[in-house]
J.: 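Provided herewith is a single structure, encoded as structure tokens, for subsequent inquiry.
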Amino acid sequence: MTGRDRTYEASSSNAQETTTASAILYRPVQPSDLDQLKEAHTQLFPIDYEQDFYHKAVQGLDCIFSWVAVVEDMELGGERLVGFITVKMQNVNDEIEADQELLGWDLDVL
């Protein structure tokens, strides 16, 4: 684990019993996460992103930044993606007019 990675352990306890869930690791997305990231996006969002979007997300290109939450999965023999965040940094003045209207931004003020 690098200095930027953080591991958190989910647990619950009471007076009689303590159970511990798998540790969740939060880290920057890696190229090896591409298939799981694409599958998660497909299941959660009604938008069909082009393959280029996912390539840029896992490579950190075009001001697209992604972090993932993963747990060890013994069946997969590696990590299983359980959460993610993907953001694109963009100047508000570079947004197209339709996006600004969709977001409810006053075009005269911008």
J.: If you compare all heavy atoms of S66 against all heavy atoms of T86, which two are closest, and at what distance to 0.1 Å?
T.: OG-OG1, 3.1 Å

J.: Output the distance between atom NZ (K56) and atom CG (D62), rounded to the nearest 0.5 Å.
T.: 4.0 Å

J.: Measuring only between side-chain heavy atoms, which start at C-beta, is H41 closer than 4.5 Å to F84?
T.: yes

J.: Determine, using the 4.5 Å side-chain heavy-atom cutoff (strictly less than), whether L81 and V87 are members of one ILVMFWY cluster.
T.: no

J.: Answer with yes or no whether the hydrophobic clustering places V29 together with F45; edges join I, L, V, M, F, W, Y residues whose side-chain heavy atoms lie under 4.5 Å apart.
T.: yes

J.: Within the 4.5 Å heavy-atom criterion, are F65 and K88 side-chain neighbours or not?
T.: no

J.: With a 4.5 Å cut-off on side-chain heavy-atom distances among I, L, V, M, F, W and Y, is there a chain of contacts connecting L44 to L34?
T.: yes

J.: Is the closest side-chain heavy-atom distance between Q36 and E79 below 4.5 Å?
T.: no

J.: Tell me, do V58 and L37 make a side-chain contact under 4.5 Å, heavy atoms counted?
T.: yes

J.: Could you go step by step and tell me if V68 and Q30 meet the side-chain contact (heavy atoms from CB on, under 4.5 Å) rule?
T.: CA-CA 9 Å; V68 293; Q30 301 169 355; over 6 Å; no

J.: Please name the pair of heavy atoms, one in A23 and one in V71, separated by the smallest distance, quoted to 0.1 Å.
T.: O-CG1, 3.4 Å

J.: Using the rule given for side-chain contact (heavy atoms from CB on, under 4.5 Å), can you reason through K38 versus Q51, listing the C-alpha separation, both sets of side-chain angles and the distance that settles it, and then say yes or no?
T.: CA-CA 9 Å; K38 185 176 180 179; Q51 184 66 26; 2.9 Å; yes

J.: Would D33 and R27 satisfy salt bridge (Lys or Arg N to Asp or Glu O under 4.0 Å), going step by step from the backbone distance to the final call?
T.: CA-CA 11 Å; D33 299 318; R27 61 168 173 73; 2.7 Å; yes

J.: Nearest heavy-atom pair of T42 and Y54: which atoms, and what distance?
T.: OG1-OH, 4.3 Å

